[in-house]
Amino acid sequence: MYQCKHIYNAVQCCLCYQITDANQARFEVPHEHVQSLSDTPNGPLKYRLELIQKPFGLKVWRTTSPEKLLFDTTFGPLVFADQYLQLSAKLPSHNIYGLGEHVHQTFRHDTKWKTWPIFTRDAFPNGGTHNLYGHYPYFTCLEDTSGQSFGVFLMNSNAMEVTIQPAPAVTFRTIGGVLDFYILVGETPEAVVDEFTKLIGRPFIPPYWSLGFQLSRWDYGSLEEVKKVVERNRQADLPYDVQYTDIDYMENKKIFTYDMDKFAELPQFADYMHDKGQKYIVILDPAVSTGQRINGPYDSLERGHAAKVWVTEPDGVTPLLGEVWPGETVFPDYTNQACIDWWVDEISRFHKEVKHDALWIDMNEVANFIKGGIKGCADNKLNYPPFTPCILDDLMYSKTLCMDAKHKWGDHYDVHSLYGYSMVLATDKASKAVFGTSRSMVFTRSSFPGVGKYSGHWLGDNGANWNDIKWAIPGMLEFNLFGIPYIGADICGFFDNSTEELCTRWMQVGAFYPFSRNHNAQGYADQDPVAYGIDSLVVTTSRHYLNIRYTLLPYLYTLFYKAHVNGETVVRPVMHEFYSDIETWAVHKQFMWGAHLLITPVLDPGVELVEAYIPDAIWYNFETGVKITDRKATINMHLPADKIGLHLRGGGILPVQRPNVTTTYSRLHPMGLIIALDDNKAASGELFWDDGDSRVAHNEYTDPNNLKFEKITVMGVNTAPALVRVSDGNTVITLNVLHLENLELDLGKDYTVNWESKISVNIDCYPEGDENQAKCEARGCIWEVRETIFSIQPCHFQIVCTLYTESEYFTASGITVDIDRNTEFPSQRSRSRDISKLRVDITYLSGRSLRWKIFDPYNARYEVPIHLDLPATPETDETKREYRVQINNQPFGIQVIRKESNEMIWDSAVPGFTFSDQLLQISTILPSDYVYGFGETEHPTYKHDLNYQKYGLFAKDQPPGYKLNSYGVHPFYMGLEKSKSAHGVLLLNSNAMGYIILGQLIMIGRPVLPAYWSLGFQLCRYGYASDTEIADLYRDMKAAQIPYDVQYADIDYMERQMDFTLDQVNFKELPALVDQMRAEGMRFIFILDPAIAGNETKGSYPAFDTGIEKDIFIKWPAEFSSDIVWGKVWPDYPNVTVDNSLDWDTQVELFRAFAAFPDFFKNSTAEWWGEQIKDFYNNIMKFDGLWIDMNEPASFVHGTVGENCLGNEDLENPPYMPPLESKLRGLKHKTLCMNSEQILASGTHVKHYDVHNLYVFCPPYSLFTTGKRGVVVTRSTYPSSGRWAGHWLGDNYSAWDQLLKSIIGMCLVVLGKISITGADICGFFNTAENEMCLRWMQLGAFYPFSRNHNTINMPRQDPVAWGPEFAAMSRDVLNIRYTLLPYLYTLMYEAHVHGNTVVRPLLHEFVTDEKTWDIDRQFLWGPALLITPALDPGEAVGVQGQFVDMDTPLTKINLHVRAGHILPWQKPENNTHYSRLNPLGLIVALNDEGVAHGSLFWDDGEGISEFCLCVCVCVCVCVCRDGNHEELNGFDFS
């Protein structure tokens, strides 16, 4: 019968359960620190124990929601026999770490049926699976990316084996004792170490000097040779604190003796070392020789005999005899109090004879060179148990004592693995007796859990090879899990000769072992650094990195203090800090000092490129201070022969001290701080400082050397501070550098260091205006009114985390991030619910573009239903991507870095990110002051003014005006970078989706290729009185021989302004006139508005009747009404006479008919629209293109007739109203109610609130109606409109400033990939003035969409209206346009195929010339034609990098062809029908090298197949000057 006891730990994180024999006492480990735990917890448990009755088993659950099963012993049967105990448990993950002591070639265990024996053994750590010096039946398990972890400790000292299985599962098999399990539950891997060291004992704080570099070897041969080594390394100025002597200092290897011949002056050696601030450590083995000394009795042996301190044979009396270094030996029984007293006394006696500073204890597994003992071992169940674990040699007493030997604690069978543990306890007592209040130190080869409370450990007798330098890292990491942070390996290897390359690399990494000692064996070449030559690379690199170690000793010492107090690791696995990143779980060739120093060594011969993982944080090169650009990525780190990778993690403050050759001297030097700023520009750190020697640590220590902080280094400040202040309240030191030097800041006092940055980020917290201090602070924001030349927002966000990153998942194609709202930050708007949990999907679309989408993963939100031409598959090859993405955690932000220049082109890790129901806000820091784009609003310059400008984006029937939202919505900008590269950002505004584009913006579709004739000059006006007026105009234009291709009719041609009708009174002859014009090569375009009149008699207006039948009009949601959402636009009531003398609103009320708005998202609407257009073409009037107006959609009433919008008022007047025109009247102003319902092609019902800006997407049916390519021109636009339509800049004004603004407007429109663009030449509103109109005709002749257009009740402004002189000058400039139409058409083709711009700002071609970044008074056609219009009297333009005065008489516009280019041309005619019949020519402008290039695209100009119906010709031309003649070559016809 066996018994299971369940005992709770009072800290709620530790479960102890013990399975033992209910009827008979069995051996249990008499641990000095692990005490009986409370059986009543003092708080809620973090686990739940479930007891299964039949078959017996235990399950341990983590009490999360849902619960997680951590340790399930029902996985396999429990076996409990006298000498065979077995228990198996299923685990939740394969992330298993620990068990020991062995050589584990990786830190994370291989779970493919690996069996590891545990039984202390003197063996070589050569990479096998055999048991080594320590006994650690303890492992930790990382459960998942949450970081939640647990540890499993079996308190059992008997020989055992542990099998790790792929289930994953673990099986313990031990051959004695009890099953005494401790399950330690933590929220992080570090928390588990904390719990384990609470259980077994916190690590000791080593004396400060023991953190210095140390030298040792077995068999120096003499003290003289030891001193030679000491002196040569002193002469090399090598930081070096400790010298050892191994057993060769003893007389015939007898402990407590010294060789009075070769080491005659050993008693004075410690003083010799102390004179230079150094220390001396001696070795002690446990085995005591039974022989006599050379000159008399061996007193230590005799005193041991007298006190009966030895391990005995089974009779309990006779000392067991074995053989170790001195020959025949006896073995102290450190579990015997008499032995402890003897041991303390002997060490005290020896210290009086040979002064030393600490003790190194070895061979305490316990090691014996013969099997069991001189007499052999009896054949019994202890020496030959029924089951022997897979220990080395498969023999229990191999290289140790017989298992039936007796100790005070019991049979050696039970206490063998406790021998080193008991020796450490005894040696610690001796250390205290000898050194008193001085801390001193013990370090041991054999260990057991709890040893770290008193001792350090080294990884044993390794070899001078590249495997052992690698395997030392997992070993160090494991002993930090085991609670022994004072750990290291023999640098350069113990056995064999170390090559210079190996020793160089090992000294580099060994400089960052907590226990840093170079040690080698008897018979091998010296390997102290200077043994390779004082000028060798070993010496120079050792000196360099040991100086860095000594610089960082205050940080390392603080880590040991935190290990002692909090149970933290010192050498830390990367995954302990970055457990949410699965890539870190198996990192074992890098390690950290604490949380903030990442060490990346070179561990292979002949290697300078090391594969290194860079975790997800900001990292700075320790030696240069440069921030590395990579993040959460595996990189090839360049580490030449003299370098190791050292990187500081952002967010840490590391205390440092000016180094010296010993810690004795370095502790006298001033201190400093290295501050590494994180993503939030924040950092924190700690310093523990005492005398470094006292056994009791002093928390309120005052340094007698009056230490000062002399230097502060801050890493991560992007720009040089304008001012730095360091103050203690009394003294202010002003400096102008970032390395703050020559300070005298007292240790222990409080100081403040602050600096004023040249760049500040003030994100408006009250963008709606009407703010005051009370309102501002109620939002948790900062109220700050400052007198500056800039309009800084008085209410701005704090630098706080409004969102936290919860988890991140990285794939080859992108990143997924879950983020949580910081609920401690106030909700910004009570009417707009904050969404607390968000998801970010980042996709690497291509090598030059990426996409991110921020959304509510639990509740679907509206997303823009337009097609984007995204790559079919993401770019998964990181080397092909020109950018790198990193996630800032606190506050959340996305950061995009251009790899080539390391410039951050997007950085949203700034305050103010908001995601609520009706307010989404994201900000970014820009890489430069040069930003272009956003629309459609009027901008006074092409480059944006960054002085806190706000632009409302919301489609509206609003003539252009400064900061007024107009017809289109283009949430896109282009940013220039300091490296002279550019990027674009597109926000699809309804669904919080962002795009970064490093190249051309192709995802919204290539611009349409227009019909050739649409590039001709065009005439229109609103207010033609009749078809006769149009006929007269056409006649006069022909007579004046002014090139002219297209005539328009505005809504005047309609019957009462109703679509698809013809005014039979005033425009009855228009169809015939159109036919005549078309027969003469002209083209005709008519206007359509979307609104359909709804007050006609049934049967009299087919457009409305069929619309009702097909249910194509926008209605209210069914829960409110089944009626159409009626508006009013241009159509009049039937049978009324409009009184134009009345005010506008009265006219609308009395005379305008009800109008219904087609829902163009519906498939049925598209069919209806096409049918109406086709019917008009076939039965009323021919046309060649469509002009779509009023499609924002515009309404002359606000929301609906009666202005009573049904439904949610927050849609009409949202909690935050952008800075829109008439925003106080709500979003419904001059458009539909936002609660109106539209139905997507998918059948999804959406609110007009979401799709208002997309109303533009009505289908371009003119292409299919006419059978020709045609053209569609639209007033309202959205990204991707350019793939089917052109755009004019709307209802502008006749004013000089509009000329410049038209250039700016065109440049902005072409950014959105709309090639066909231009402004109404001479202005739409107001009366044009002659000179201004002439200059505008000259400018407009080079608009891609070149149309003269004005409004009703204004004088005519077409070219022939001004008289012959004006007409002649217009003809001249338009003839130039027509001459260059082959070039313009080729540009349109290149835009359609390659996405190039047609109208081009100068900076697009001359980005390396920063002067062009501000130029917006000139523009280019493509790369080759510079247009310099006169925009007001007296012009200055830039040529060849200079500004010059350029003669511009009234008859002239300045045009220049760029050298190196060839422009195709054609003789002009009155319209393109005739000009296309003329021969082509080339204008060749040779560059300085005598070379020019160009191309020509030519087709029939109107086909609607891929490009044309007839043969397409693409010509590439190159002209070179050769001697005195020129020749054409390189023609390519395709």
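Residues: numbered from 1 along the sequence shown. Quantities reported herein were computed from a predicted structural model and do not represent experimental measurements.
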Charged N to carboxylate O under 4.0 angstrom, [X] versus [Y]?
{"X": "K1162", "Y": "D1111", "answer": "yes"}
{"X": "R1347", "Y": "D1320", "answer": "yes"}
{"X": "R1056", "Y": "E1096", "answer": "yes"}
{"X": "E863", "Y": "K853", "answer": "yes"}

Does the side chain of [X] pick up a donor-acceptor pair with the side chain of [Y] at under 3.5 Å?
{"X": "D1159", "Y": "Q1238", "result": "yes"}
{"X": "Q1057", "Y": "D1132", "result": "yes"}
{"X": "W1168", "Y": "T1106", "result": "yes"}
{"X": "H970", "Y": "T1277", "result": "yes"}
{"X": "E1209", "Y": "N1213", "result": "yes"}
{"X": "Y967", "Y": "Q958", "result": "no"}

W1144 and F1196: aromatic ring centres closer than 6.0 Å?
yes
Can you confirm if the aromatic rings of H944 and Y951 lie within a centre distance of less than 6.0 Å?
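That pair passes the under 6.0 Å test.
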Would you give the length of the straight line joining atom CG of D1184 to atom CZ of F1086, rounded to the nearest 0.5 angstrom?
11.0 Å
Check whether any side-chain heavy atom of K950 sits under 4.5 Å from a side-chain heavy atom of P767, and report yes or no.
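The answer is yes, as the side chains (C-beta and beyond) meet within the 4.5 Å cut-off.
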Among F1325, W1288, W1187, ring-ring contact (aromatic ring centres under 6.0 Å, His included) partner for H1349
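Result: among F1325, W1288, W1187, W1187 is the only option passing the ring-ring contact (aromatic ring centres under 6.0 Å, His included) with H1349.
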Between V969 and E936, is a side chain to side chain contact (heavy atoms under 4.5 Å, CB included) present by the stated rule, with each step listed?
CA-CA 5 Å; V969 170; E936 186 171 2; over 6 Å; no
